Amino acid sequence: MSDTPKTPSDGGLPATQAPAAATPTTGLDAMLQPWGPLGEYLVDAAQRTVLFWDVLRRRSDQYYEQKAKEVPHVLSFGSELILDGRTFARPVNYGLVRITPPDGVVIDPQKRPFVVVDPRAGHGPGIGGFKADSELGVAMRAGHPCYFVGFTPHPMPGQTIEDIARAEAVFLEKVIELHPQAEGKPCVIGNCQAGWAVMMVAAIRPELFGPIIIPGSPLSYWAGVQGENPMRYSGGLAGGSWMTALMGDLGGGRFDGAYLVKNFENLNPANTLWTKNYDLWATVDTDAQRFLDFEKWWGGHINLNAEEMQWIVDHLFVGNRLATAEIVTSDGVRVDLRNIRSPILCFCSKGDNITPPPQALGWITDLYATDEDLRAAAQTIVYAVHDHVGHLGIFVSGSVAKKEHEEFASNIDLIDVLPPGLYEAVMTPKTAETANPELIGGDWVVRFEPRTLADIRAIVQPDLENERRFATVQRVSEINLGLYRTLFQPFVQALGGARTAGLLHQLNPAELPFALFSDRNPLMQQIAKLAEQVRAQRRPAAPDNPFLAWQAMISEGMVAALDGYRDLRDRRMEELFLGIYGSPLLQALVGIRATDTPPRRRPGLEPERLAFIQNRIGELKARLAQGGLLEAAIRGLVFIGLAGPGVDERAFNALRKIRAAHDGMTLEEFKRVLREQYFSLLLDQDAALAAIPKMLPDDAAARAQALALIRQISYAGGALDEHRAAHLAQIEALFAPKTRKTPAGAPRARKAD
């Protein structure tokens, strides 16, 4: 799937099937019938053209119907408003709704709720629940109560990014309040733009979050590989963020989301200018409704405040300040992603050139210098890289990325209790030979395999020269923005206003087609009548008509030509960017080469953080031998797990069943104990193992029962490799019954004669 998606090829409602070719011939049909296959094709093509125009007319009418709604969305589920951010002390155009599960879906009130936050990046809300197989549908089928955070088309006057962050924190407080019996804090999914917004909230209010899933979310904005991902050059080639300020001023303080949509569409001109419309024209009998369903979201443009958009561009896309803890809120709170205490699951794709893997994962190496730094922050990060799905397919597709979302939802508790560190989610198909299939939640076996920062660097490919170029863009942007505000902004603001904004919106290439093809155009009213006649006399060409093959060849040629134009344009953009911002003279003029230090700061360890870590290490070492049978068993399981290729979902599900059968500890308590035992082994493995016998009771039966459970959990994923088998043997020796020593002076038992 490429940059801007085609109409999804799965899901949606099929249009009325084409009638049989036995319809009586009349008019043009009768004239062209003697022409054989050519005549048949011409009739078919003419009829498809009329129907195509009619679908565009219906799309425009649908657009204006959506635009007239107070809260237009494309959710395919029922919903109930819980909180309206417009009523807050600092009002925002966001709201929290509870999703109504479809018929036949049973929600378990003890399961943690899922909260899906939609991206506000030019389109309206609802894409996270666009289909039955979307994120919301998958989570509800797994038994989780679901909530959705959406927004209205127009921002509240004066609202800021900080106001939105505070509102989202209030939403999560409400969800937690509504589910006091839930086992675990809410799992929050932040799609695309919402991903970085959710991460900011989690850094400020970490206590509100369970696992965080960020599909297709950009967090490291300068990252990328030379020869790929041209979108990251756009800010530099525009001269920085002064253009954002200009468009906000012309819009009278509002930034038109249609500009953002147009930027996405420019990435793939073949799809925007040809493929999307050609595919509809070629399959208009069956794909009309599917096209309309998707366009209902893609064409639903929304606005941002000029201040919001300026903040986003200056602090994130040009400034790249999020991953290095350089953002400070108005009340003095530093946004440091190392403060997040919940597991973070980054889902990205090699086929996504809006948020490619380097931009989705680069923040990890920006934030942490070593693997020890990551573990010292007690942070758990899981990543999954899809091979080919495009940007929207990551969170909207009903088939391409379905397995990932199903497995994330069914294994969310396992993700929550993973020990601190870096993991990759590896999925293998479940087969007839798979061991213990009853312990597998779906059709795939999920294993979370340990990784290192070196694995992330191999994906991100950080480069010091690349950093210097983008740091130069940041300085140039600040200079240009200052010049614009000093010399031109007062005059532009005098020209801007509601009338200017309305005119620019109507002329925007992403907006103009809706006006041209709507019923407001008298010509389109005639098209609607003609389309009715065509549907009554529809005569599709036979599938083996040779002119259909010719039509497909023409289309392939158009796609190849437009792709060639795109590739040439992207190469020239990159060459221009590298030539301008790679210039040592320009870098020197803006101060980048004034020192030999890297152009970006790396967040260091503050004295208070170092003191906290040292105190925590001292506490853990002092408590190595503290605890009972439960702590010893968990320490043994962690030790066995450290020897293997990763954490298998079957082992966790076996442990979950045992815990349920014995009315065991809560998930949160289990997570706390597991992490403590993990750090004990990490700090001093030999001492931690040597302490296990001191933690065990004298009762041989209790020790044997605990050891049997350890064996059962260890073998849940199948046969053990030699390393895990060796670790299990060590634990078995430590759990062996204690031998009673004979007191001094006591008579020894005599051997029988």
Side-chain angles (χ1 to χ4, degrees), residues 196 218-227 229-246 310-330 332-338 358-359 361-370 373 453 456-457 460-489 573-607 609-610:
W196 58 255
L219 291 166
S220 188
Y221 304 88
W222 296 356
V225 180
Q226 195 165 322
N229 319 129
M231 191 175 185
R232 65 192 180 121
Y233 300 129
S234 301
L237 293 177
S241 68
W242 74 274
M243 285 287 293
T244 305
L246 172 66
Q310 195 69 44
W311 189 97
I312 292 170
V313 176
D314 285 337
H315 286 79
L316 304 180
F317 290 97
V318 171
N320 199 17
R321 295 186 172 104
L322 180 57
T324 49
E326 295 177 76
I327 296 175
V328 179
T329 65
S330 59
V333 177
R334 183 172 297 279
V335 181
D336 190 340
L337 299 184
R338 294 173 299 178
Q359 293 187 11
L361 302 176
W363 66 277
I364 302 171
T365 52
D366 288 344
L367 205 57
Y368 298 108
T370 67
D373 290 344
L453 291 179
I456 297 296
R457 291 190 186 97
V460 177
Q461 301 181 36
D463 177 42
L464 184 58
E465 286 304 316
N466 181 68
E467 295 272 309
R468 285 198 179 99
R469 296 183 195 109
F470 280 96
T472 305
V473 171
Q474 181 182 0
R475 297 282 181 86
V476 170
S477 176
E478 292 167 352
I479 293 169
N480 287 342
L481 180 60
L483 290 172
Y484 168 75
R485 285 176 169 169
T486 303
L487 301 176
F488 301 106
Q489 190 172 54
M573 283 176 58
E574 184 170 66
E575 291 169 359
L576 186 60
F577 179 90
L578 297 178
I580 295 173
Y581 293 103
S583 166
L585 178 59
L586 179 60
Q587 292 179 4
L589 286 172
V590 297
I592 295 300
R593 294 200 173 256
T595 68
D596 294 328
T597 59
R600 292 180 73 204
R601 73 180 290 273
R602 292 295 187 271
L605 290 175
E606 295 82 3
R609 184 180 288 272
L610 286 171

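Since we're looking at a predicted model, the values are computed, not measured. All heavy atoms count here, side chains included; hydrogens, waters and symmetry mates do not. Here, residue 1 is the first one in the sequence, and each next residue gets the next number.
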Colleague: Taking ring-ring contact (aromatic ring centres under 6.0 Å, His included) as the test, write out the residues that go with Trp196, two or more places apart.
Modeller: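 With neighbours one apart ignored, the set is empty.
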Colleague: May I have all residue pairs that pass salt bridge (Lys or Arg N to Asp or Glu O under 4.0 Å) and include part of residues 233-245, sequence neighbours excluded?
Modeller: none
Colleague: Could you list the residues that satisfy side chain to side chain donor-acceptor pair (under 3.5 Å) with Ser234, not counting sequence neighbours?
Modeller: none
Colleague: State the CG-CD1 distance between Leu322 and Ile312, to the nearest 0.5 angstrom.
Modeller: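 Here the rounded value is 12.0 Å.
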Colleague: Is there a side-chain contact between Pro230 and Glu574, using heavy atoms and a 4.5 Å cut-off?
Modeller: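 A side-chain contact is absent here, since even the closest heavy-atom pair is not under 4.5 Å.
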Colleague: Please confirm whether the backbone N or O of Thr365 pairs with a side-chain atom of Arg457, one donor and one acceptor, at under 3.5 Å?
Modeller: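 Answer holds: no.
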Colleague: Checking the side chain of Asn229 only, and the main-chain atoms of Gly224 only, is there a donor and an acceptor separated by less than 3.5 Å?
Modeller: no
Colleague: Can you list everything that forms a side chain to side chain donor-acceptor pair (under 3.5 Å) with Asn320? Sequence neighbours excluded, please.
Modeller: none
Colleague: Looking at every heavy atom in both Leu453 and Tyr368, which two are closest together, and how far apart are they?
Modeller: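 Residues Leu453 and Tyr368, closest heavy atoms: CD1-O, 3.6 Å.
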Colleague: Would you give the length of the straight line joining atom CD of Gln226 to atom CG of Leu578, rounded to the nearest 0.5 angstrom?
Modeller: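 Gln226 atom CD to Leu578 atom CG measures 5.0 Å (nearest 0.5 Å).
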Colleague: Can you tell me how far CZ of Phe317 sits from CD of Gln359, rounded to the nearest 0.5 angstrom?
Modeller: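 Going from the CD atom of Gln359 to the CZ atom of Phe317 covers 8.0 Å.
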Colleague: Quick one: ring-ring contact (aromatic ring centres under 6.0 Å, His included) partners of Tyr233, sequence neighbours excluded?
Modeller: Phe577
Colleague: Please name all residues satisfying side chain to side chain donor-acceptor pair (under 3.5 Å) with Thr244, sequence neighbours left out, ordered by chain then number.
Modeller: none
Colleague: Check whether any side-chain heavy atom of Ile580 sits under 4.5 Å from a side-chain heavy atom of Val476, and report yes or no.
Modeller: no
Colleague: Tell me the salt bridge (Lys or Arg N to Asp or Glu O under 4.0 Å) pairs involving residues 577-590, sequence neighbours left out?
Modeller: none
Colleague: Check this for me, if you would: do Asp336 and Arg338 make a salt bridge, where the nitrogen-to-carboxylate-oxygen distance has to be below 4.0 angstrom?
Modeller: yes
Colleague: Per the salt bridge (Lys or Arg N to Asp or Glu O under 4.0 Å) rule, what does the pair list look like for residues 218-227, sequence neighbours excluded?
Modeller: none
Colleague: Once side chain to side chain donor-acceptor pair (under 3.5 Å) is applied, do any residues pair with Ser220, and if so which ones, sequence neighbours excluded?
Modeller: Asp366
Colleague: If you round to the nearest 0.5 Å, how far is OH of Tyr484 from CG of Asn480?
Modeller: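 It comes to 12.5 Å.
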Colleague: Taking atom CD1 of Ile364 and atom CD1 of Ile456, what is their separation to the nearest 0.5 Å?
Modeller: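 Between Ile364 CD1 and Ile456 CD1, I get 4.0 Å after rounding to 0.5 Å.
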Colleague: Evaluate the side-chain proximity of Arg232 to Asn466: yes if any heavy-atom separation is below 4.5 Å, no if none is.
Modeller: yes
Colleague: Determine the minimum heavy-atom distance between Ser477 and Asp314, stating which atoms define it.
Modeller: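 Answer, listing the atom of Ser477 first, then Asp314: OG-OD1, 4.5 Å.
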Colleague: For Glu467, check side-chain contact (heavy atoms from CB on, under 4.5 Å) against everything at least two apart and list the hits.
Modeller: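 Partners of Glu467 by the side-chain contact (heavy atoms from CB on, under 4.5 Å) criterion, ordered by chain and then number, come out as Trp222, Pro599, Arg600, Arg602.
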Colleague: Taking side chain as C-beta onward, heavy atoms only, is Trp242 less than 4.5 Å from Leu483?
Modeller: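 Result no, sub-4.5 Å side-chain heavy-atom pair not found.
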Colleague: Please list, chain by chain and in numerical order, all residues satisfying side-chain contact (heavy atoms from CB on, under 4.5 Å) with Gln587, sequence neighbours excluded.
Modeller: Arg468, Arg469, Thr472, Ile592, Arg593
Colleague: List for me each residue that meets side-chain contact (heavy atoms from CB on, under 4.5 Å) alongside Glu326, sequence neighbours excluded, and say none if there are none.
Modeller: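 Checked Glu326 against side-chain contact (heavy atoms from CB on, under 4.5 Å); matches are Arg321, Thr324, Arg601.
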Colleague: Of all the heavy-atom pairs spanning Ala323 and Trp363, show the shortest one and how long it is.
Modeller: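 In terms of heavy atoms, the two residues are closest at CB-CB, 3.7 Å.
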